[in-house]
There are 2 protein chains.
Amino acid sequence: MYSIAIEDYLKSIWKLGPKDVGTQELASHLDVKPASVTKMVLRLTEMGLVDHTPYKGASLTSEGELEALSVVRRHRLLETFLSQTLGLGRDQLHAEAERLEHALSKELESAIADYLGNPERDPHGHPIPGPNGELFGETDLPLSDSPMNEILTVMQIPDYDSSVSSWLENNGIFPGVKLEIKSRDDFDGGINCEVNNHIVRITSSIASLVKISKED
Amino acid sequence: MYSIAIEDYLKSIWKLGPKDVGTQELASHLDVKPASVTKMVLRLTEMGLVDHTPYKGASLTSEGELEALSVVRRHRLLETFLSQTLGLGRDQLHAEAERLEHALSKELESAIADYLGNPERDPHGHPIPGPNGELFGETDLPLSDSPMNEILTVMQIPDYDSSVSSWLENNGIFPGVKLEIKSRDDFDGGINCEVNNHIVRITSSIASLVKISKED
DNA sequence: TATAAAGTTTAGCCAAGGCTAAACTTAAAT
DNA sequence: ATTTAAGTTTAGCCTTGGCTAAACTTTATA
């Protein structure tokens with residue numbers, strides 16, 4: 001069993017990867033100081049979980065990636081489970097799962113997966129890695145790069161910022177919803193979408209985190 | 001938020017209390033060395049969670065007890081929730097709840113309590129403290145001290161040893177079951193019970209942990 | 001009541017995982 | 001091509017929560 005701190009480092013490197021992740025970037029993502037990151041990355045390198053090139057950055061070894069995917073699997077299964085059973089809102093799920101993911105045994109993980117019927121996506125539409133790290137569904141496109149005047153299906157929304165989740169929810173944007181880009185602002189990348197007979201303006205930073213699929 | 005270690009110390013002192021708990025007793029319950037206990041107990045005393053009389057023992061202050069009860073509440077709610085949703089066996093519940101109890105937010109705690117309809121007992125029959133530490137149902141008697149030839153209702157079985165839980169389960173003994181003491185062994189305190197038309201012999205150490213109620 | 005045994009505490013050590021301040025690299029800008 | 005700025009690493013410190021070994025109390029026994 002790895003410590004909570006180690007699991008958090010691996011998960012962050014995975015999220016910020018797959019290319020080399022800088023010390024500062026990792027530090028701000030984990031909310032610690034860069035010096036702490038350097039020290040921990042050295043330990044993770046010793047442990048064979050991370051490859052580190054001094055002054056360049058860090059990336060996961062295949063062993064590290066497997067462990068990161070296991071944490072992500074637990075996180076996303078928990079989100080799905082809490083949503084299904086307790087009906088928690090999409091904006092509350094992330095924070096709760098973030099805590100619980102480190103305390104989930106293999107047995108409970110698979111009991112939950114069975115209960116849920118081995119789902120492939122969590123309530124934000126994010127793909128749930130399989131028990132051995134298999135990850136499908138990474139083919140969804142950012143809304144920011146999608147064509148205009150075509151019917152698109154929302155596949156994934158971001159999970160880590162509950163104010164963004166709830167803003168999207170309030171504007172009718174969540175996995176499964178159909179929308180169409182009507183126009184875009186060439187200066188700031190903002191997008192005007194028609195969703196459910198309303199026009200919603202989405203900033204480019206949010207649009208790059210909403211993933212869609214074209215066919216369907 | 002208290003650390004996991006602190007929550008575990010408070011919970012153990014609560015379980016072993018309410019009278020002063022010795023260093024060694026606490027150490028073996030927590031699976032650490034006595035010297036570690038002394039050190040931590042001093043810290044807890046500084047924090048106002050524990051009263052400590054050197055060479056005598058430790059007990060909870062009212063603030064410490066409130067915190068201990070909060071941990072116990074989380075533990076027992078989780079056991080009930082996991083039993084209800086996933087159908088985990090009584091023998092698996094304790095170990096899972098033990099881990100998760102430290103990662104449960106107030107919000108999730110109350111969402112679970114609401115979902116369950118604010119239950120008063122967990123699947124082992126142990127009373128669940130209320131959100132402010134209210135604890136009912138402490139009137140159940142140990143089976144070891146109960147009269148013979150009377151119909152008794154099993155109220156509580158121990159939770160921390162899964163082999164005991166599953167042994168009891170396999171012998172038809174769990175909360176709600178009726179039984180009758182037919183004879184007892186005056187030397188070792190063992191008890192012969194009729195339960196469900198079978199005779200089951202229960203050792204005195206287990207019998208002191210099974211709690212019953214006389215009036216039904 | 002003196003002494004041995006049992007239990008408790010103190011002292012000092014260690015690893016994990018943070019931090020700050022200072023040194024060092026690399027990249028950018030004159 | 002230098003200098004500066006930005007990013008990274010090193011060095012050294014701190015707290016938490018373990019440990020062992022030695023000292024100290026208390027309790028039980030002779």
Side-chain angles (χ1 to χ4, degrees), chain A residues 1-17 19-61 63-64 67-68 71 98-99 101-103, chain B residues 1-17 19-61 63-64 67-68 71 98-99 101-103:
Chain A
M1 254 292 128
Y2 294 111
S3 70
I4 294 177
I6 287 178
E7 291 192 344
D8 282 336
Y9 273 84
L10 295 176
K11 191 176 54 157
S12 288
I13 297 171
W14 181 80
K15 283 200 186 174
L16 300 172
K19 64 180 194 312
D20 272 19
V21 179
T23 303
Q24 201 148 217
E25 191 184 2
L26 197 45
S28 81
H29 196 260
L30 286 162
D31 201 28
V32 298
K33 301 293 174 186
S36 306
V37 167
T38 300
K39 203 208 247 186
M40 180 63 103
V41 163
L42 290 182
R43 279 187 53 217
L44 295 174
T45 302
E46 301 254 296
M47 296 169 82
L49 297 168
V50 156
D51 285 327
H52 179 235
T53 317
Y55 294 100
K56 289 298 177 191
S59 61
L60 296 174
T61 62
E63 189 185 339
E67 183 58 30
V71 180
E98 198 72 12
R99 265 186 279 265
E101 65 191 12
H102 304 294
Chain B
M1 255 291 125
Y2 294 110
S3 69
I4 294 178
I6 288 178
E7 291 191 345
D8 281 337
Y9 273 85
L10 296 175
K11 191 176 53 156
S12 288
I13 297 170
W14 181 81
K15 283 199 186 172
L16 299 172
K19 63 179 193 311
D20 271 19
V21 179
T23 304
Q24 202 148 218
E25 191 184 2
L26 196 45
S28 80
H29 195 260
L30 286 162
D31 201 29
V32 299
K33 301 293 173 186
S36 306
V37 167
T38 301
K39 204 208 249 188
M40 180 64 102
V41 163
L42 290 182
R43 279 186 52 215
L44 295 174
T45 302
E46 302 253 296
M47 296 169 82
L49 297 168
V50 155
D51 285 328
H52 179 234
T53 317
Y55 295 99
K56 289 296 177 193
S59 61
L60 296 174
T61 63
E63 190 185 339
E67 183 57 30
V71 180
E98 198 73 11
R99 265 186 279 265
E101 65 191 10
H102 304 295

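In what follows, chains carry the letters A, B, and so on, assigned in the order in which the sequence lines appear, proteins first and then strands, with residues in each chain numbered from 1. Bear in mind the structure is a predicted one, so any value in this text is a computation, not a measurement.
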Checklist entry - Between the main-chain N or O of A/Val32 and the side-chain N or O of A/Ser36, is there a donor-acceptor pair closer than 3.5 Å? => result no
Item to check | Gap between atoms CG and C1', on A/Leu26 and D/dT9 respectively (whole Å) | outcome: 15 Å
Next on the checklist: For B/Lys11, is there an ion pair with B/Glu67 - N to carboxylate O distance below 4.0 angstrom?
Outcome noted: no
Next on the checklist: Rounding to an integer number of Å, can you tell me how far A/Ile4 CD1 sits from D/dT16 P?
Outcome noted: 17 Å
Checklist entry - Would you say D/dT16 has OP1 or OP2 under 4.0 Å from some side-chain N or O of B/Tyr9? => result no
Checklist entry - Quick one: is D/dT16 close enough that its OP1 or OP2 comes under 4.0 Å of any side-chain N or O from B/Tyr2? => result no
Next on the checklist: Taking the minimum atom-to-atom distance to the side chain of B/Thr38, which one of C/dT9, D/dT9, D/dT8 wins?
Outcome noted: C/dT9
Checklist entry - Looking at B/Thr23, does any N or O in its side chain come under 4.0 Å of the phosphate oxygens OP1/OP2 on C/dG7? => result no
Next on the checklist: If you assign A/Ser3 and B/Gly57 each to the DNA chain C nucleotide with the nearest heavy atom, which residue ends up on the more 5' nucleotide?
Outcome noted: B/Gly57
Checklist outcome for this item: Atom CG of B/Asp8 and atom C1' of D/dG18 are separated, to the nearest Å, by 14 Å
Checklist entry - C/dT9 C1' sits how many Å from B/Gln24 CD, rounded? => result 13 Å
Checklist entry - Looking at the side chain of A/Lys56, which of C/dA21, C/dA27, C/dT10 is the nearest nucleotide? => result C/dA27
Checklist entry - Has the side chain of A/Lys33 got a donor or acceptor atom sitting under 3.5 Å from an opposite partner on the base of C/dG18? => result no
Item to check | Distance in angstrom units between B/Glu25 CD and C/dA6 P, rounded | outcome: 18 Å
Item to check | Candidate pair A/Asp20 and A/His52, rule side chain to side chain donor-acceptor pair (under 3.5 Å), full reasoning | outcome: CA-CA 8 Å; A/Asp20 272 19; A/His52 179 235; over 6 Å; no
Item to check | Among D/dT9, D/dG18, C/dG7, the nucleotide that comes nearest once only the side chain of A/Pro54 is considered | outcome: D/dT9
Checklist entry - For B/Gly64, does its backbone N or O pair with a side-chain atom of B/Thr61 as donor and acceptor, under 3.5 Å? => result yes
Checklist entry - Roughly how many Å is it from CD1 in B/Ile6 to P in D/dT15, rounded to a whole number? => result 15 Å
Checklist entry - Quick one: which of C/dC19, D/dT9, D/dG18 gets closest to the side chain of A/Val32? => result C/dC19
Checklist entry - What's the closest nucleotide to the B/Tyr55 side chain, out of D/dG18, C/dC24, D/dT25? => result D/dT25
Checklist outcome for this item: Value for NE2 (A/His29) from CD (A/Gln24), rounded to nearest 0.5 Å, stands at 14.5 Å
Checklist outcome for this item: Here the distance between atom C1' of D/dT16 and atom CE of B/Met47, to the nearest Å, is 11 Å
Item to check | Between D/dG7 (C1') and A/His29 (NE2): distance, integer Å | outcome: 19 Å
Next on the checklist: On the nucleotide D/dT9, are OP1 or OP2 found under 4.0 Å from the side-chain N or O atoms that A/His52 carries?
Outcome noted: yes
Item to check | Proximal nucleotide (of C/dA27, D/dA21, C/dG12) relative to the B/Lys39 side chain | outcome: C/dG12
